[in-house]
Amino acid sequence: MFVRTRFAPSPTGYLHVGGLRTALYAYLFAKQHQGTFILRIEDTDQSRKVEGATEKLIDALEWAGVEFDEGPGKEGVYGPYIQSQRLPIYHEHVKQLVDQGKAYHCFCTPERLERLKAEGGTMYDRHCRNISMDEARRRVSAGEPNVIRMKIPDDGELQFHDEVRGDVSIAFSTIDDQVLLKSDGFPTYHLAVVVDDHTMAVSHVIRGEEWLPSTPKHILLYQYFGWEKPKFAHLPLLLNPDKSKLSKRQGDVAVEDYRAKGYLKDALVNFVAFLGWNPGDEREIFSMEELVKEFSIERVGKAGAVFNIEKLNWMNQQHIKLQSESKLLPLIKPLLKLKGWDSFSDEYLQQVIGLMKERVVVTDDFVTSCPYFYEDPLSYDETSRAKNWKPETTGYIAKLIERLQTLVLFDAASVETALRTTADEFQVGAGKLIHPMRLAVSGAANGPSLFHMAEVLGRERVVRRIQKALEMLR
RNA sequence: GGCGCUAUCGUCUAGCGGCUAGGACGGAGCCCUCUCAAGGCUUAAACACGGGUUCGAUUCCCGUUAGCGCUACCA
């Protein structure tokens, strides 16, 4: 099968997670069939221009690992890939339609259109459809503002097959004479999408469900042009927890937001892939490579899916656990730098990552949940102090620190032996020393294994912190 | 309002005529344990409603209801 898919966002300033999923599905489908994945920028609305939006979009896609083969900056024979740079192509095509009587100039003013609507009209009344070609040409050359509308048949219906929804049919009587070319000379989405998908040889149009109702118009255009139509697949929407269309108001929707919050690209990609698709068995953790191998349009669901942060968190945790310390390291270093903690060796940090990997949900946690790996405790957890630092504790710890100072090898096993021996001497449980020592060394009530933590921190820090705690906590 | 799409635990979902309706997240409990996690085990929790078709419907058909989408010279 010859496959070319595309992701065709309008440059709004950021990549929406729903857009990420649409792009991902189109990408997975193309890659799986050794096809081509195209990025096309749909910027035909001049009033909605956002500076730098395309760059941000590309940046987010690249971060996520959804790499396009053709698109802005990767010009192929089908370019340009930015619609505002393709105006002549649209003009040439729409002229053809007008000449063939499949579209017509409409001179109705915005005021007239508004009046029509105010009077209860739900569709354009086709007022300009009957203007003769000659008159239309005359008025156009006289400079009268106009748009070009496509003629929709009076009756009948259009049926088409959707790869995820099956057969869909819509009566022509419910479809408006769609504007194809705006008065500013820019095409509307409907014209541009059809012309571009055809001229770019797109084989499968994979897009959001919001486009389903206008697909008949698009198919009619393919017929008007005498082109073979691509296959269509309309994806279910991503929803807010209250089931409304996923929006900014109810949380983060930009891919950049999740990136900034410390989610791994693998986790976000895995998660959005599973919003509307599953492999049919019980596996859930997938890499991009596995998704490419296993994805299938047939298994894409039809119902909208709520974007559930809790599950994303779990998935991120799973992916962090799977990631090696060395892969995680470059993700953590910039975060440490922000805190001014940038003097640690890679080796030390990888040990910290090894201990923390199973206890974090986002990468920020490697920094914020365990400051004790980067600086001496500034305070001590009050609850733990009240519970674990009794009057007799000072004596135990004082003895323990002596032993720690004389250890030949300061590793987890030796520290543990030293602590348990001390506990035995005082005839108390090891817990009577473990908890106070943890408090002294980290200032926190919980964290990784105390003995391993001690090994990673090293004798110097551990001894220093315990001595300080002995003064502070007595 | 019109048109369209959709409908299994709270959430993501499996199921493609016969199942004790399965899994995952989250919740509860237990185990492990130096704490927190991780992990293991157990548990509560769903077929929107009403008609058909059928020996038999979660599954097929038709309604109803609900949700969502579209209804721009926005995409």
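Only a predicted model underlies this, so the values are computations on that prediction, with no experimental measurement involved. Side-chain atoms are counted along with the backbone in the values below, which use heavy atoms only and exclude waters and symmetry mates. Numbered from 1 within each chain, the chains take letters A, B, ... in sequence-line order.
Salt bridge A/E42/A/R40: present, at least one basic N to carboxylate O contact under 4.0 Å. Using a cut-off of 4.0 Å between Lys/Arg side-chain N and Asp/Glu carboxylate O, A/D184 and A/K182 are scored as not salt-bridged. With respect to the salt-bridge test (charged N to carboxylate O, under 4.0 angstrom), the residues A/K387 and A/D381 do not qualify. A salt bridge links A/E294 to A/R283: one of the charged nitrogens lies within less than 4.0 Å of a carboxylate oxygen.
Comparing the P positions of B/rC36 and B/rC31 gives a spacing of 13 Å, expressed to the nearest Å. Atom name C1', nucleotides B/rC32 and B/rC12: the rounded distance is 30 Å, in whole Å. Rounded to whole Å, the separation between the C1' atoms of B/rA14 and B/rC25 comes to 15 Å. B/rG50 and B/rU58 have their P atoms separated by 11 Å, given to the nearest Å. Between the P atoms of B/rA48 and B/rC9, the separation comes to 7 Å (whole Å). Taking atom P on both nucleotides, B/rU59 is separated from B/rA44 by 25 Å, rounded to a whole Å. Separating the C1' atom of B/rA57 from that of B/rA21 is a span of 13 Å, rounded to the nearest Å. Distance noted for atom P between B/rC30 and B/rU35: 15 Å (whole Å).
The residue A/C108 sits close to a base: some heavy atom pair falls under 4.0 Å. Counting any heavy atom pair closer than 4.0 Å across all strands shown, A/G447 reaches a base atom. Among the atoms of the strands shown, none is found under 4.0 Å from any heavy atom of A/F271. Note on A/P448: a base of the nucleic acid sits closer than 4.0 angstrom, heavy atoms only. Among the atoms of the strands shown, base atoms are found under 4.0 Å from some heavy atom of A/Y189. Using a 4.0 Å heavy-atom criterion, one finds that A/G276 contacts the sugar-phosphate atoms exclusively. Backbone-only contact: A/V179 has heavy atoms under 4.0 Å from sugar-phosphate atoms and none from a base. Within the nucleic acid shown, A/P436 has no heavy atom closer than 4.0 Å to any nucleic acid atom. Within the 4.0 angstrom heavy-atom criterion, only backbone atoms of the sugar-phosphate kind lie near A/R299; the bases stay farther away. Among the protein residues, A/P110 comes within range of the nucleic acid bases, having at least one heavy atom under 4.0 Å from a base atom. At the heavy-atom level, A/T174 lies under 4.0 Å from the strands shown only through sugar-phosphate atoms. Backbone-only contact: A/K117 has heavy atoms under 4.0 Å from sugar-phosphate atoms and none from a base.
Between B/rC70, B/rA38, B/rG23, one nucleotide has an atom nearer to the side chain of A/P213 than all others, and that is B/rC70. Minimum atom distance to the side chain of A/L212 is reached by B/rG4, of the listed B/rG4, B/rG39, B/rA75. Residue A/N308 has its side chain nearest to B/rC25 when only B/rC25, B/rG67, B/rA72 are considered. Relative to the side chain of A/N278, the nucleotides B/rA38, B/rG4, B/rU13 differ in distance, and B/rU13 lies closest. Among B/rU35, B/rG67, B/rC5, the nucleotide with an atom closest to any side-chain atom of A/K243 is B/rG67. Nearest nucleotide to the A/A305 side chain, out of B/rU13, B/rA75, B/rU35: B/rU13. Comparing B/rC74, B/rG1, B/rC12 against the side chain of A/K311 picks out B/rC12 as the nearest. Distances were taken from every side-chain heavy atom of A/K321 (C-beta onward) to each of B/rA75, B/rG39, B/rC25; the shortest belongs to B/rG39. When distances run from any side-chain atom of A/E210 to the nucleotides B/rA72, B/rG69, B/rC5, the shortest one goes to B/rG69. Among the nucleotides B/rG69, B/rC5, B/rA75, the one closest to the side chain of A/E42 is B/rA75.
A sub-4.0 Å separation between OP1 or OP2 of B/rC73 and a side-chain N or O of A/R149 is present. Dashed line: the shortest gap from a side-chain N or O of A/Q46 to OP1 or OP2 of B/rA75 is not under 4.0 Å. A sub-4.0 Å separation between OP1 or OP2 of B/rA75 and a side-chain N or O of A/T44 is present. Close to B/rA72, at under 4.0 Å from its OP1 or OP2, lies no side-chain N or O of A/K182. Using a 4.0 Å cut-off, some side-chain N or O of A/Q317 falls inside it from OP1 or OP2 of B/rA38. Taking side-chain N and O atoms only, A/R207 has no distance below 4.0 Å to OP1 or OP2 of B/rC70. Proximity of A/K217 to the phosphate of B/rC70: no side-chain N or O atom is located under 4.0 Å from OP1 or OP2.
Heavy-atom minimum distance, A/R126 versus A/I152: NH2-O, 3.5 Å.
Taking 3.5 Å as the limit, the base of B/rC73 and the side chain of A/T188 contain no donor-acceptor pair of atoms between them. Evaluation of atom-type donor-acceptor distances gives a pair under 3.5 Å for the side chain of A/S183 against the base of B/rC73. If you check distances only, the side chain of A/R438 does reach the base of B/rC34 with a donor-acceptor pair under 3.5 Å.
In this structure, A/H452 and A/D167 both approach RNA chain B, and ranking their closest nucleotides by distance from the 5' end singles out A/D167. For the pair A/L450 and A/A303, both in contact range of RNA chain B, the more 5′-proximal nearest nucleotide belongs to A/A303.
Across all strands shown, B/rU58 remains unpaired; no Watson-Crick or G-U wobble contact has both distances below 3.5 Å. Applying the Watson-Crick and G-U wobble criteria (two distances, each under 3.5 Å), B/rC41 pairs with B/rG29.
Distance CG (A/D162) to C1' (B/rG4): 12 Å, rounded to an integer number of Å. Between A/L239 atom CG and B/rU13 atom C1' the separation is 15 Å, expressed in whole Å. Summarising the geometry, the separation between CG on A/N270 and C1' on B/rU13 is reported as 14 Å, rounded to the nearest angstrom. Rounded to whole angstrom, the span from the CD atom of A/Q318 across to the C1' atom of B/rC12 amounts to 15 Å. The distance from atom CG of A/L113 to atom P of B/rC73 is 6 Å, rounded to the nearest whole Å.
In this structure the side chain of A/S296 reaches within 4.5 angstrom of the side chain of A/W277, judged on heavy atoms.
Ring geometry for A/H234 against A/F160 counts as perpendicular: the plane angle is over 60°, on a 0 to 90° scale with 30° as the lower cut.
Within 6.0 Å of NZ in A/K95 there are 12 or fewer heavy atoms belonging to other residues, nucleotides or ligands.
Taking the ring axis of A/F295 as reference, the NZ or CZ atom of A/R299 does not stay both within 45° of it and closer than 6.0 Å to the ring centre.
Using a 3.5 Å distance cut-off with no hydrogens or angles, the side chains of A/D424 and A/T421 do not pair a donor with an acceptor.
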